[in-house]
A.B. asks: 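Submitted below is the structure of interest, expressed as structure tokens.
Quick caveat, the model's predicted, so the values are computed rather than measured. Each ligand, and each atom within it, is numbered from 1 in the order the structure gives.
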Amino acid sequence: MAKRQDVQAFVIGAPVAHSRSPVVHGYWLRRYKIGGSYSKMQVNPSELAGFISDLRVSGWAGGNVTIPHKETILPLLDRISETAQRIGAVNTIWVEDDHLVGDNTDGFGFTANLDAGAPGWRDEGGQHALVLGAGGAARAVVDELARHGFCLTIANRTEKRACDLADDLAPGAAICSLEDVPLAGADMVVNTTSLGMHGEEFPFDMSDLSAETLVTDIVYTPLETPLLAAAGKQGCHTVDGLGMLLHQARPGFERWFGVAPEVTKELRAEIIADLETGA
Ligand code: ATR
């Protein structure tokens with residue numbers, strides 16, 4: 001794919017002010033000397049259908065889709081990738097031959113983050129992964145882990161949501177409550193809940209974690225969540241969630257601007273500095 005200059009892309013959501021995506025794509029536009037743009041657009045639910053139909057004629061290359069549009073956008077698109085269909089949510093759209101196409105790159109970001117931070121994590125077959133949470137983000141994580149052949153346990157506050165997730169994406173998965181997680185037997189633990197963002201405690205004893213367990217959190221504010229801090233104390237290898245945010249952005253940038261971008265230490269430092277401003 002050739003580099004495309006003067007292309008415009010966006011992130012739409014409501015609210016959208018907190019989105020770090022413009023910092024990520026802005027960094028890559030500068031790094032690869034592309035004269036395009038990537039902007040934040042507040043699009044309220046009642047405006048989504050109009051925005052999408054205008055998009056076909058307004059010259060946008062595409063963009064990212066965030067809360068609350070990730071599911072409601074599906075019927076408005078011409079084509080949806082198999083991954084996004086399985087997950088039931090879209091986070092990246094682009095125009096291809098006058099068609100609007102939607103994909104979900106959260107699972108790609110999850111896997112690429114672990115490939116970078118814990119090489120070899122998916123090389124052995126039959127490993128056990130414990131996924132905490134069964135919301136939108138958990139769907140992408142469970143889909144990825146099931147595809148990589150992990151045996152799954154899904155622990156969620158609301159059991160029904162965990163059962164529905166297993167039925168949809170990982171039929172053999174075991175279900176348990178957050179109070180009763182089989183920490184000791186897990187090769188990998190992934191937190192997809194919002195627990196830890198505001199210092200909340202997990203309702204289980206972290207001292208059951210084995211030093212052999214790989215522990216990752218998709219929460220990246222704070223960067224060292226209570227789960228990662230406790231896992232570090234147990235001697236576990238840990239991978240923080242910021243890389244998932246950075247890696248999930250790569251496929252969209254390549255679609256819109258024609259360059260496969262790299263996640264560099266400099267990009268990570270720029271986002272951390274931006275998060276620290278608290279804006
Ligand atoms: P996301 O798209 O980020 O996954 P979500 O779909 O709202 O957001 O899911 C949030 C997840 O965090 C869910 O698993 C939720 O549990 P429920 O399904 O029971 O709602 C979990 N979660 C949020 N706050 C929680 C809390 N205080 N205790 C336990 N789990 C919590």
Side-chain angles (χ1 to χ4, degrees), residues 11-21 45 48 64-74 83-92 102-111 113-114 129-146 152-170 173-183 186 188-206 215-223 225-228 230 239-249 275:
V11 53
I12 53 169
V16 77
H18 66 284
S19 173
R20 260 60 198 186
S21 294
L48 181 66
N64 288 121
V65 179
T66 187
I67 290 167
H69 306 313
K70 285 175 144 191
E71 287 102 24
T72 50
I73 199 167
L74 266 78
T83 307
Q85 284 180 38
R86 278 199 310 277
I87 295 170
V90 157
N91 73 345
T92 304
D103 192 11
N104 190 310
T105 66
D106 285 336
F108 171 88
F110 173 76
T111 287
N113 187 32
L114 290 180
L130 168 64
V131 176
L132 310 173
R139 294 184 70 83
V141 167
V142 164
D143 184 52
E144 249 346 68
L145 292 172
L152 286 159
T153 299
I154 304 170
N156 198 45
R157 178 178 59 182
T158 311
E159 187 183 340
K160 162 102 176 52
R161 242 179 144 189
C163 293
D164 291 347
L165 170 53
D167 285 349
D168 288 351
L169 296 169
I175 308 297
C176 66
S177 73
L178 282 174
E179 285 75 22
D180 198 20
V181 290
L183 270 190
M188 176 174 182
V189 175
V190 186
N191 177 44
T192 74
T193 74
S194 48
L195 282 171
M197 281 182 92
H198 308 288
E200 310 91 329
E201 300 278 326
F202 282 86
F204 51 79
D205 186 357
M206 303 275 190
V215 181
T216 187
D217 204 319
I218 70 159
V219 170
Y220 55 88
T221 50
L223 211 48
T225 61
L227 176 67
L228 295 184
V239 178
D240 69 51
L242 183 55
M244 180 170 165
L245 170 79
L246 304 179
H247 285 283
Q248 64 77 30
L275 291 169

A.B. asks: Tell me the protein heavy atom at minimum distance from atom 13 (C) of ligand 1, and give that distance in Å.
C.D. replies: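 The answer is Arg161 NH1, 3.6 Å.
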
A.B. asks: Just verifying a value: how many Å separate Phe110 CZ and Gln248 CD, rounded to the nearest 0.5 Å?
C.D. replies: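 Spacing of CZ (Phe110) from CD (Gln248) equals 14.0 Å.
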
A.B. asks: So which bit of Ser194 gets within less than 4.0 Å of ligand 1, heavy atoms only: side chain, backbone, both or neither?
C.D. replies: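 Looking at Ser194 and ligand 1, atoms from backbone and side chain both fall under 4.0 Å.
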
A.B. asks: Between the side chain of Asp143 and the main-chain N/O of Ile87, is any donor-acceptor distance below 3.5 Å?
C.D. replies: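 No, because the side chain of Asp143 does not come within donor-acceptor range (under 3.5 Å) of the backbone of Ile87.
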
A.B. asks: If we check side-chain contact (heavy atoms from CB on, under 4.5 Å) with Thr192, which of these qualifies: Ile218, Leu132, Val219?
C.D. replies: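 Result for side-chain contact (heavy atoms from CB on, under 4.5 Å) with Thr192: Ile218.
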
A.B. asks: List ligand 1 atoms under 4.0 Å from Ala137, heavy atoms only on the residue side.
C.D. replies: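 Listed by number with element: 1 (P), 2 (O), 4 (O).
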
A.B. asks: Could you see which bit of Leu195 sits under 4.0 Å from ligand 1, with heavy atoms only: side chain, backbone, both or neither?
C.D. replies: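 Only the side chain of Leu195 comes within reach of ligand 1.
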
A.B. asks: Is the count of non-hydrogen atoms from other residues, nucleotides or ligands lying under 6.0 Å from Gln85 atom CD greater than 12?
C.D. replies: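 Atom CD in Gln85 is crowded, with more than 12 foreign heavy atoms closer than 6.0 Å.
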
A.B. asks: Check Asp164 with Lys160, please: is the shortest side-chain N to carboxylate O separation under 4.0 Å?
C.D. replies: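 Salt bridge present between Lys160 and Asp164.
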
A.B. asks: Contact between Asn91 and Asp106 at the side-chain level, heavy atoms closer than 4.5 Å - yes or no?
C.D. replies: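 Touching, per the 4.5 Å side-chain cut-off.
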
A.B. asks: Nearest protein heavy atom to atom 16 (O) of ligand 1, by residue and atom, and its distance?
C.D. replies: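 Nearest protein contact, heavy atoms only, for atom 16 (O) of ligand 1 is Asn156 OD1, 3.3 Å.
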
A.B. asks: Measuring from atom OG of Ser21 to atom CG of Leu246, what distance do you get when rounded to the nearest 0.5 angstrom?
C.D. replies: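 Rounded to the nearest 0.5 Å, the OG-CG separation comes to 9.5 Å.
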
A.B. asks: Identify the closest protein heavy atom to atom 9 (O) of ligand 1: which residue and atom is it, and at what distance?
C.D. replies: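 Minimum-distance protein heavy atom for atom 9 (O) of ligand 1 reads Gly135 CA, 3.4 Å.
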
A.B. asks: Quick check: do Thr216 and Leu114 have side-chain heavy atoms less than 4.5 Å from each other?
C.D. replies: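 Yes, side chains in contact.
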
A.B. asks: Which option out of Asp164, Thr193, Ile218, Thr66 puts a heavy atom nearest to atom 21 (C) of ligand 1?
C.D. replies: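 Nearest option to atom 21 (C) of ligand 1, by heavy atoms: Thr193.
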
A.B. asks: Show the atoms of ligand 1 that are less than 4.0 angstrom away from any heavy atom in Gly133.
C.D. replies: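 Within the 4.0 Å cut-off of Gly133, ligand 1 contributes 14 (O).
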
A.B. asks: Examine ligand 1 and decide if any of its atoms is less than 4.0 Å from a heavy atom belonging to Glu200.
C.D. replies: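 False for this residue.
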
A.B. asks: Is a side-chain donor or acceptor of Asp240 paired with a backbone partner of Leu223 at a separation under 3.5 angstrom?
C.D. replies: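 No; judged by distance alone, with no hydrogens or angles, the pair does not exist.
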
A.B. asks: Ignoring angles and geometry beyond distance, decide whether Thr158 reaches within less than 3.5 Å of ligand 1 through its nitrogen or oxygen atoms.
C.D. replies: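 Checking ligand 1 against Thr158, an N or O pair does fall under 3.5 Å apart.
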
A.B. asks: Which residue and non-hydrogen atom of the protein lie closest to atom 8 (O) of ligand 1, and at what distance in Å?
C.D. replies: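 Protein heavy atom with the smallest distance to atom 8 (O) of ligand 1: Gly136 N, 4.4 Å.
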
A.B. asks: With backbone taken as N, CA, C and O and side chain as the heavy atoms from C-beta onward, which portion of Arg157 lies under 4.0 Å from ligand 1: side chain, backbone, both, or neither?
C.D. replies: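 Arg157 to ligand 1: contacts from backbone and side chain alike.
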
A.B. asks: Would one find an N or O of Ala138, backbone or side chain, under 3.5 Å from an N or O of ligand 1?
C.D. replies: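 Such a contact does not occur with ligand 1.
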
